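Whatever order the structure lists ligands and atoms in, that order sets their numbers, starting from 1. In this text, all values refer to a predicted model and were calculated from it rather than measured experimentally.
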Amino acid sequence: MPVQNAEIARIFEQVADLLEIQQANRFRVRAYRTAAQTVRGLPRALHELVARGEDLSRLPGIGEDLAGKIAEIVRTGKLRQLAEIGHQVPRGLAELLAVPGIGPQRVRRLHEELGIRSRAGLLRAARQHRVRTLPGFGARTEQAILDALAAQPAGAAKRTLWSEAEPVARQLVADLRRLPGVEAVEVAGSFRRRRETVGDLDLLVASRHGATVVAHFVGHEDVARVLARGTTKASVRLRSGLQVDLRVVERAAYGAALVYFTGSKAHTIALRRLAVQRRLKLNEYGAFRGARRVAGRTERDVYRSVGLHFVEPELRENRGEIELARKRALPRLVQLGDLRGDLHAHTDASDGADGLQAMAAAAKKLGHEYLAITDHTRAARIAHGLDVRAMRRHLARIERLDRQLRGIRILRSAEVDILADGSLDLPDDLLAELDLVVAAVHSDFRKSRSAQTERILRAMDHPRLHVLAHPSGRLLGEREGLAVDLERIVAGAAERGCCLELNCQPTRLDLPDVWLQAAKEAGVKIAISTDAHSTAQLALLAAGVGYARRGWLQAEDVLNTRSWADIARLLRRGS
Ligand code: DGT
Ligand code: CA
Ligand code: CA
């Protein structure tokens, strides 16, 4: 399999990490990080662009140098430069960066002053109280390091972002579908349930030729190691590190196997309990009465055999779906086609890669009825936030463009910083002029849970705050999120008629699913927003809708399934 965008992004991040430890030029480090972000957000495969000889340096944040490096990775699967820096900096140091609270400066000092070069070394030094002897570290930092190391043990299975697994899954499925004698192929497991991350991929194939399918699968060019192999199943590790399990079943059992391997475990256990009540035996081969198979070919048949309506994979978590399936009262989940526009996007006026016109044109091409331009306000300094004067000029430009364009509304908006005390980073008269106010926390992450919650509730007290963006603040694989009481935030949003965001960025997917479900129950409307930082990222809406379905959302629960006129009416709260 050709090199995936996610692998390229990971290589650039590793280079940035190592350069940072070497105290290389900040702008150089930043260039690799920006490139990684761009690459991750591209909806098209870079190996295809390279094969077609397209000019990669035209991509946002990719200069000629980086374009050459992308081509090298696509051709050879690796980057020579990474190996070279790797010789200068011990590899183990990069993994120290993954420990929360430890930045490149600290890694460097731990290495130079205490000789630490790995997680194990850090753990040893912290236990022996040697870390606290370094100026600027102290006993509390040392304890925080011990806590962090305990929270993410070294061998802990690394999960893969859904969006990184997706192109891999798509290619494997396409590859298996081409094999003669293969009747059906599906990715089951947490991938099909649309969890934000997956532990591995679970492929299910219907075929009478198990051994042939297995042989083809384990012989795939992207397989690094065969972990297990039988006549109807196999497990492999791909070069990217992702594990893939394969199961081959006969067509008559395919539906039952799909139910079983899609899971979740809690959901299928509940199904088996229902089967027992009906004197049936349910397993991955079917639903059986004695020796007779009464269902197994399709999932629908299997659900019917235990008295249930079909349950969409995204709902299979035993969170109330079984009861509703019995009553045929499951929600009709939102679909991509229900969405009419995007309410969170950046331009190069703050930290986006593309200009206002390009963003508007791209949104129009996607068929959007509206696009809110939400550049950062001044407190977000690392994101090049705009001060009041610059914001006014920017808004005037948006207004002019909106008047020129036909067929799409470009909304004057901003992603307003919520300051430490819960006030908003724009004066009231300017907030009143905006079509839509999106607000978010970008600083002071370390407040106590109650103080953080109060701060956000206070911000929501402002009648002009329409949408609270990425409310939990989590960054998948990096940080767990703010210490914040989401139950109170959801209730607070309901009381105030404020909307919450489902941010579509692959590392955010924020609000998390259970809180989407809670928000829906509380009557809070959700804006499914891309937070696009380039034209390409406007396409992230599809991934967001997939995740919204896990949160039980229907079209009516989503703000941007409405026309702009209807949204504007809905947002007029108290003012
Ligand atoms: P993951 O891979 O950690 O993101 O999560 P899943 O849900 O994909 O879990 P995985 O890959 O271990 O197994 C795939 C499905 O197979 C799982 O959702 C349900 C089914 N399964 C696996 N092991 C068991 C088991 O011991 N009991 C039952 N009932 N089902 C199982
Ligand atoms: Ca899995
Ligand atoms: Ca598995």
* To do: Any chance you could lay out the salt bridge (Lys or Arg N to Asp or Glu O under 4.0 Å) test for R40 and E13, step after step, and finish with the verdict?
  => CA-CA 11 Å; R40 223 182 266 290; E13 269 156 14; 2.8 Å; yes
What protein heavy atom sits nearest [atom], and how far away is it?
{"atom": "atom 29 (N) of ligand 1", "result": "R272 NH2, 3.2 Å"}
{"atom": "atom 4 (O) of ligand 1", "result": "S190 OG, 2.5 Å"}
{"atom": "atom 3 (O) of ligand 1", "result": "R159 NH1, 3.1 Å"}
{"atom": "atom 2 (O) of ligand 1", "result": "D200 OD1, 3.0 Å"}
{"atom": "atom 31 (C) of ligand 1", "result": "Y260 OH, 3.8 Å"}
{"atom": "atom 15 (C) of ligand 1", "result": "F261 O, 3.1 Å"}

* May I ask you to identify, for F191, whether its side chain, its backbone, both or neither come under 4.0 Å of ligand 1 on a heavy-atom basis? =>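 None of F191 does.
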* Between D245 and ligand 1, which residue portion shows a heavy-atom distance shorter than 4.0 Å: side chain, backbone, both, or neither? ->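 Looking at D245 and ligand 1, no heavy atom falls under 4.0 Å.
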* Are any of the N/O atoms in D202 less than 3.5 Å from those in ligand 1? ->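 In this structure, D202 places an N or O atom under 3.5 Å from an N or O of ligand 1.
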* Asked: Taking both backbone and side-chain atoms of V198, is any N or O found less than 3.5 Å from an N or O belonging to ligand 1?
  ->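 No, since none of the N or O atoms of V198 sits under 3.5 Å from an N or O of ligand 1.
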* Asked: Does the side chain of I528 reach to within under 4.5 Å of the side chain of C504, using non-hydrogen atoms?
  -> yes
* Counting backbone and side chain alike, does D202 bring an N/O/S atom below 3.0 Å of the Ca ion (ligand 2)? ->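 Checking D202: at least one N, O or S atom is under 3.0 Å.
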* To do: Check the angle between the aromatic planes of F191 and W162 and answer parallel, tilted or perpendicular using the 30° and 60° thresholds.
  => parallel
* Could I get the full list of salt bridge (charged side-chain N to carboxylate O under 4.0 Å, His left out) partners for R300, not counting sequence neighbours? =>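 For R300, no residue satisfies salt bridge (charged side-chain N to carboxylate O under 4.0 Å, His left out) once neighbours in sequence are set aside.
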* Asked: Would you say R550's side chain and R193's backbone share a donor-acceptor pair under 3.5 angstrom?
  ->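 At least one qualifying donor-acceptor pair exists.
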* For R193, counting its heavy atoms only, list the atoms of ligand 1 lying under 4.0 Å from any of them. => 7 (O), 18 (O)
* Asked: Quick one: are the ring centres of H344 and H533 less than 6.0 Å apart?
  ->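 No, ring centres 6.0 Å or more apart.
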